[in-house]
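Keep in mind that this is a model prediction, so the values were computed, not measured. Along the sequence shown, the residues carry numbers beginning at 1.
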Amino acid sequence: MKDARRVNEGGPSGRGGSTIAAVSSGSGTAAVAVIRVSGPQAGAAVRALARRLPEPRRATLATLRHPASGAEIDRALVLWLPGPRSVTGEDMAEFQVHGGRAVVAAALDALIAVPGIVPAERGEFTRRAFLNGRMDLAEAEGLADLLSAETEAQRRLAFAHAFGHLGEQVARWRERLIRAMALIEAGIDFADEDDVPAEARALARPEAELLRAELEAALKDRRGALLRDGATIAIAGRVNAGKSSLINALAARDIAIVSDEPGTTRDVLEVALDLGGHKATLIDTAGLRTAEGAVEAEGIRRALARIEGADLVLWVHDVATEPPPQTRPDIDSQAELWLLANKVDAGAAAFARPDWATRDFAISAREGEGLDALTAALAEAVAARAGGGEHPALIRERHRANAQEAAGHLSVALAGWDELSDELLAEELRLAGRALGRITGAIDTEDLLDVVFREFCIGK
């Protein structure tokens, strides 16, 4: 597995075995900044700035000096982390300096002055960790998601994947494939025996059937995308129904322009919300009516497209002027449709929920009436869609595409189980195993590295 990962000569970094340095604690001023160094010159970097190499894995207070001028830079905590027991699998060092920008800049300048040390490229620390077998590709993607997590549900999902959830599942799937392949290949090895090939096929088939069933179940589970990307909630309705006032109220800030002039909203406006620990994207759309110009027509077209792809549609109706429609609004959506009877502060009469609405809420977007109940219901609905229990395995389209390919090869094998030769049957199982291996980067990594690691900020 390690041999497959080393895709460049001159060391796993692909930069001639260079030593890299970068800030790993994010940008901006802070009390403490962490600067990481990884590579064969990490020890030399510590000696050059701190004058001595501390005991491994023991934080030591030291005065940092520029290696050329000897000028004092800062008093910092220094850690020496010899490989392979480090995050990247290489010799590493950490300098925990004061977080002022001038201090950080001076410390980085001093490190780059050490021969053999260069600034890290985007995602290079994580790339080296992968190439040295310290994490698999799915764990690297989970780490990227963990760094960008906005809600508690995203954090839990990303944490599970960053620390091996998907890798462990894929390993179990591949073990099942290997057992089935071993049985088929046993039939090839003992082809001269009368009963062995048939018995081997009979024993291998349940393994292949069970694996295909598990892959198909994982592919049907869409919770991963919902947890990672969030639910999409479209606010729809006629002009002047109060849609823009509603998105402003739910977001607790001015997202959309509010005006009595019909057709004010011409484009799709979006805002991300944290609803009970789950991410949701709230979309304000143009009012639906017969357009009075090309620009408004384009806004309505975009609105209908986003409504069609939404997970939930909130139909806002101005009950101050008329009762809600009794027939379903003319929109192309398979999502649940909730009725929001808006402007109840204007003294609208009571009404019965029409059959097309899954739920209804009496609200005043301007005065805030009924919004607490609506927000609680939205949080409950998003959580219900995300589901509970064990984290879903396949959370990215790349994972799903590879799992779909593996399931396809298994389907070919099972469909021709009694007709295919042992060699062709084993080949279909082998191709399924390769597809699964691409999920974690066990094989065919070269074309995947840049796709995965460009998600990381420099130094991570």
Side-chain angles (χ1 to χ4, degrees), residues 5 20 22-28 30 32-36 38 79 81 85-89 92 94 96 99 120-171 218 221-231 272-281 382-383 385-400 402-403 438-442 445 448-460:
R5 291 182 175 186
I20 55 173
V23 179
S24 293
S25 52
S27 59
V32 177
V34 178
I35 301 175
R36 277 182 170 178
S38 180
L79 287 96
L81 308 165
R85 292 175 55 204
S86 69
V87 172
T88 62
M92 285 190 68
E94 282 192 4
Q96 299 180 14
E121 294 177 352
R122 183 182 178 92
E124 193 167 359
F125 283 88
T126 309
R127 179 192 290 263
R128 292 187 179 202
F130 167 75
L131 291 172
N132 284 317
R134 302 301 292 177
M135 63 171 59
D136 64 35
L137 203 57
E139 289 173 326
E141 290 171 321
L143 180 57
D145 288 340
L146 188 61
L147 294 174
S148 61
E150 298 175 311
T151 68
E152 176 62 16
Q154 288 178 321
R155 182 198 65 78
R156 291 196 302 267
L157 179 65
F159 182 87
H161 281 258
F163 296 99
H165 172 78
L166 178 55
E168 292 169 0
Q169 179 62 69
V170 170
D221 187 349
R222 302 296 301 188
R223 290 178 301 145
L226 193 59
L227 284 168
R228 182 174 182 267
D229 302 325
L273 297 180
D274 183 339
L275 293 174
H278 294 273
K279 181 181 177 181
T281 300
V382 171
R385 284 168 171 77
E390 186 179 1
H391 292 295
L394 308 174
I395 65 174
R396 289 171 175 253
E397 284 306 313
R398 187 183 71 80
H399 305 160
R400 301 183 66 82
N402 288 318
R438 284 193 289 272
I439 294 177
T440 56
T445 61
L448 296 174
L449 292 179
D450 288 337
V451 174
V452 172
F453 294 112
R454 68 188 177 203
E455 295 189 34
F456 290 86
C457 297
I458 189 167
K460 297 296 187 292

Asks: So which atom in Leu137 and which in Ile439 form the shortest heavy-atom distance, rounded to 0.1 Å?
Replies: CB-O, 4.0 Å
Asks: What closest approach, in Å, do Val382 and Lys279 show between heavy atoms, and which atom pair accounts for it?
Replies: CG1-O, 4.1 Å
Asks: Looking only at heavy atoms, what is the nearest atom pair of Leu166 and Ala138, with distance?
Replies: CD2-CB, 3.6 Å
Asks: Any sub-3.5 Å donor-acceptor pair from Ser25's side-chain atoms to Ala33's backbone N or O?
Replies: no
Asks: Working note: Leu79 + Gln96, criterion side-chain contact (heavy atoms from CB on, under 4.5 Å); need CA distance, chi angles, decisive distance, verdict.
Replies: CA-CA 8 Å; Leu79 287 96; Gln96 299 180 14; 3.5 Å; yes
Asks: Nearest 0.5 angstrom please: Arg36 CZ to Ile20 CD1, how far?
Replies: 10.0 Å
Asks: As an exercise, state the distance from OG1 of Thr440 to CD of Glu168, rounded to the nearest 0.5 Å.
Replies: 12.0 Å
Asks: If you take all heavy atoms of Phe163 and Glu139, which pair is closest and at what distance?
Replies: C-OE2, 3.9 Å
Asks: Is it true that a side-chain atom of Arg134 and a backbone atom of Ser86 form a donor plus acceptor pair closer than 3.5 Å?
Replies: yes
Asks: What pair of heavy atoms forms the shortest contact from Gly441 to Phe130, and how long is it?
Replies: O-CZ, 3.7 Å
Asks: Is the closest side-chain heavy-atom distance between Arg128 and Leu131 below 4.5 Å?
Replies: no
Asks: So, are Arg398 and Glu141 salt-bridged, with charged N and O less than 4.0 Å apart?
Replies: yes
Asks: Considering only heavy atoms from C-beta outward, does the side chain of Arg155 approach that of Leu146 to under 4.5 Å?
Replies: yes
